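Note that the structure is a prediction, hence the values are computed from the model and not measured. Hydrogens, waters and symmetry mates play no part in the numbers below; they use all other heavy atoms, side chains included. Just so you know, ligand 1 is whichever comes first in the structure, and atom 1 is the first atom listed for that ligand.
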Amino acid sequence: MTACSNPEQLKKPKLTVIDRANTPLSVSSPDNKIAVLFSITESGEFRYQVQHQQQVIVKKSQLGFEFLQQPALTQFEVIARQQVSYNNSWQAVWGERKNIVEHYNELLISLKDKHSLRLLNLRVRVFNDGIGFRYEFPQQTAMQAFVITDEKTEFNIAQDMQSWWIEADYNSYEKIYQSSQLQQLKHVQTPLTMRAKSGLHLSIHEAALTDYASMSLLRKQGTLLEAELAPWADGTKVKAKVPFNTPWRTIQIAENASQLVESDLIVNLNEPNKLPDSSWIRPMKFIGIWWEIHLGVHTWQEGPRHGATTAHAMAYIDFAAQNNIQAVLFEGWNKGWEKWGTREAYVVPTDDFDLHKVANYAREKNIVIVGHNETGGNIAAYEQHVEEIFSLYNELGINVVKTGYVAEQGFANGENHHGQFAVRHYRKIVELAAKYNIMLNVHEPVKATGIRRTYPNMMTREGARGGEWNAWSEGNSADYSMILPFTRLLAGPMDYTPGIFDIDFSNFSGQRYDWSGNPQNADYRVRTTLARQLANMLVLYSPIQMAADVIENYRAHPAFDFIRQLDVDFDDSQVLAAEVGEYIYIARRSGKTWFIGLATNTQSRTAQLSLDFLKANKRYDAQLFTDAADAHWQTNPELFEIQRREVRVNDVLEVKLAAGGGAAIILQEK
Ligand code: NOJ
Ligand code: CA
């Protein structure tokens, strides 16, 4: 432990308070490129505007709320203002990079309703990579408990832009990303990413979603978007009492796609690490009894094709221990798979799964077990049993839990996956998991908003259409997965489940069944090359990263050598080149080793990688796992090559990427 009481603090942050009556109603980024300006109309409408290099990028946009049984808060007078400059750098427990600079200028504006004594504060922070603002309802007598029926925050984008989005749905993010002009979208999830003709990139999202409903964006007209909150079952949006802060509304602003991906704005707008001890939290690779179930070879439920048997589990543990994999997931080891949500479904093993034997074996081999809790959306039952579950898992060495909330129409009690009820539930589980030293991987989650800074046991989540869709649907194209780093992944890590080697599932031909138990005849497959599957392990960041294929497909496969060597505990990440939806080349460093992922959409291309990020005067051993010359996602997806050579800082690596292809490179300092 360091001497600092705050475990993430690197040095003493610098805080300057500028408190003048004439503080202007505007605030700029430390580098002065971004400015947020406020104005108030005669009638009291309070608006913000955002500029980049003196150009208006968000035109005057309204702020405020409507409530149940209370007049709206949309007409204000300004009663006080205060400006603060903050310069800090903090150390993440894990992440794309360990050291994060948190440097911003803040303006706090105290507002009073023109028609009553109600008070509302607006806090805005401007960083070099974007802005965040939130509403704060201070302690006051004029307002106590309140129910928000509509948040009136607007994002009045100054010009039409190319945009990338998935449609809003209060119970699912598992949609295909679309690209259109801003003027064509209707109602979308965040992050909503946009690119202007000038090359400026914007992405609207939110940070620190806590005890509030998640925000989507509804286009009102032209390029004017308004916040829309996921409702409670009763139709209201947020139930609260003063003092109360909303999540931050964020706009990431970048001069190119690489900078957008490198932005730390979302984590920076979250509270510091709250856990008294994070030493038990660590990034890991994992494999699991999982893909074979999605392929229809094995089943979750007990029966002749049951996947999670004691013998099968021990074979997975052996493979992990022999191959530098730290953890193993078992799905379907609990009794009552058919009865999601019951106590048995979490703590009682099936007759053919000897839980204690498997747990002891894993402990002997130093392997972490990833437990699985499929709630089926039965929140009441999960909350009732969760402490018993987590305390049992803690004793058994099940230090990671993958939770699941499959319930396409909403939770059993009628609430939505993305409403305030759900946000409270998901947070409660994060806090309880921390109490029992459990790291989380949440499927069918609410979106990531950077709470991993505050609760570093909140490792990863699904929250987009993952690789599993390839097993039982028309699947995910290479174009689709190429949009993820610039949209979904801006919010935080994703459990995409990459690393499938048997692209056409031919190794299990004749052994697959659909969910009704009939032979699977559809020609489902993975829609990238094998080398791109390796690249996805770097491009689609997750601190607990799954190598998702079955061990039979990895055993003796030369490409598995990349996964064996991969270390997902990164010190740093740099985007070498990127264009939204087209390609990304990203380099991540663990200690003295760089791991570089290169991925393209369905266009083949040649990457020219300048290695100027390497140390001068050092030699590096390079291993390149690339598409073979005639590889193609459609016709020759599994053709790959491995090359080894020595490289130095001045070298430029030329790497050919097939259509739907990619490459994974290891550069080991000698
Ligand atoms: C959907 C999840 O995304 C998947 O990973 C899991 O295997 C199934 N639900 C069953 O819980
Ligand atoms: Ca899912």
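- Here the side chain of Asn270 pairs no donor or acceptor atom with the backbone of Thr454 at under 3.5 angstrom.
- Note on ligand 1: Trp469 sits outside its first shell, no heavy atom being nearer than 4.0 Å.
- In this structure, Arg588 satisfies the cation-pi test against Phe570, with its NZ or CZ atom closer than 6.0 Å to the six-membered ring centre and inside 45 degrees of the ring normal.
- Side-chain rings of Phe411 and Tyr382 stay apart, their centers remaining 6.0 Å or farther from each other.
- Only side-chain heavy atoms of Trp337 come within less than 4.0 Å of ligand 1; its backbone N, CA, C and O stay farther off.
- The CH2 atom of Trp290 sits 8.5 Å away from the CG atom of Leu329 when rounded to the nearest 0.5 Å.
- Each of the following atoms of ligand 1 lies closer than 4.0 Å to a heavy atom of Glu468: 1 (C), 2 (C), 3 (O), 4 (C), 5 (O).
- Formation of a donor-acceptor pair under 3.5 Å by the Asn457 side chain with backbone atoms of Val430 is found in this model.
- Residue Glu374 approaches ligand 1 through these ligand atoms, each under 4.0 Å from one of its heavy atoms: 9 (N), 10 (C), 11 (O).
- Atoms of ligand 1 lying under 4.0 Å from any heavy atom of His294, numbered from 1 in the order shown and given with element: 4 (C), 6 (C), 7 (O).
- Annotation for ligand 1: atoms under 4.0 Å from non-hydrogen atoms of Val406 are 1 (C), 9 (N).
- No side-chain donor from either of Thr350 and Glu302 sits under 3.5 Å from a side-chain acceptor of the other.
- Just one of Glu383, His417, Glu415 meets the side chain to side chain donor-acceptor pair (under 3.5 Å) condition when paired with His425; it is Glu383.
- When the heavy-atom distances from atom 1 (C) of ligand 1 to His443, Glu174, Glu444 are ranked, the shortest goes to Glu444.
- Among His372, Glu462, Lys402, the residue whose heavy atom lies nearest to atom 5 (O) of ligand 1 is Lys402.
- Annotation for ligand 1: atoms under 4.0 Å from non-hydrogen atoms of Trp290 are 4 (C), 5 (O), 6 (C), 7 (O).
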